[in-house]
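Scroll down for the structure; my scribbles are underneath it.
Everything numeric here is computed off the predicted structure, so don't read it as measured data. When a ligand or atom number is given, it counts from 1 through the structure's own listing order. Reckoned from all heavy atoms, side chains included, excluding hydrogens, waters and symmetry mates.
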Amino acid sequence: MIAQKIKEIKKVIGSKKLIIVSKNRTFDEILNAYKTGHRDFGENRVQELLKKYEKLPKDIKWHMIGHLQKNKVKYIIPFIHLIHSVDSIELLEKINSVSEKKQIVTNCLIQIKIAQEKSKFGISKSNFDIINNNKNQFSFINIKGIMGMATASLNEEKIKKEFNTLNQIYINSSDFEILCMGMSQDYKIANKCGSNMFRIGSYVFS
Ligand SMILES: *Cc1c(COP(=O)(O)O)cnc(C)c1O
């Protein structure tokens, strides 16, 4: 039961923000979550996101959480609530220029690489510092905070260490409001490490 799963998660995270990750889920599955009153959903592929945006209720707040190709930015800018996965300076520049063209200010998180896997995206701490020191030049982007994914591991200490690294960056960048980390497997650890926004998919729908 989706309602029960959401309730269980909220028992852990309290009033912090839950993004239900709806990638690979059907319209009906998403509507079942929607009917509980939930409005924030995350997708990781532009094509699937566009299909769902068209078909599903317009008061859903869509979050782009997966690697975003620069040539696809233009399709999501008109409606996207928050882009979690800004993983290069070039992508940030692209989002800024497309947003300027459409005269929209786009909300973004900077994805920082904390995991060891080569397959995981994210920028280095030093590139994050460059962005952070130059963020005033991106007039059509509102950088709301940072996002990260821990290594897929059963080693709780390792996950904790990676989340704490991100939390430290968050604490040191005092003008950010969002620290987004934690998925089905590790959201309880992320919660203890200071996360205030969670992206949870499989646990909600299983
Ligand atoms: C799929 C995905 C999630 C959710 O993962 P679950 O294990 O299903 O909770 C979170 N963040 C990103 C970036 C994802 O691609």
**Modelled atom types, side-chain donor and acceptor of Gln116 and Lys158, under 3.5 Å** = yes
**Request:** Using heavy atoms and a cut-off under 4.0 Å, could you grab the residues that are in contact with ligand 1, chain by chain, numbers ascending?
**Result:** Val21, Lys23, Ile65, Met149, Met183, Ser184, Arg199, Ile200, Gly201, Ser202
**Asked** Does a donor on one side chain sit under 3.5 Å from an acceptor on the other, for Lys161 and Asn164?
**Response** no
**Request:** Look at Lys70 together with Glu90 and state whether they make a salt bridge at an N to O cut-off of under 4.0 Å.
**Result:** no
**Asked** Among Asp40, Leu56, Ile76, Leu50, which residue meets the side-chain contact (heavy atoms from CB on, under 4.5 Å) test with Trp62?
**Response** Leu56
**Prompt:** Mind checking whether Ile65 and Ile143 sit in one hydrophobic cluster, side chains of I, L, V, M, F, W, Y counted as touching below 4.5 Å?
**Reply:** no
**Fill in**
Sequence neighbours excluded, the answer for side chain to side chain donor-acceptor pair (under 3.5 Å) partners of Asp87 is His67
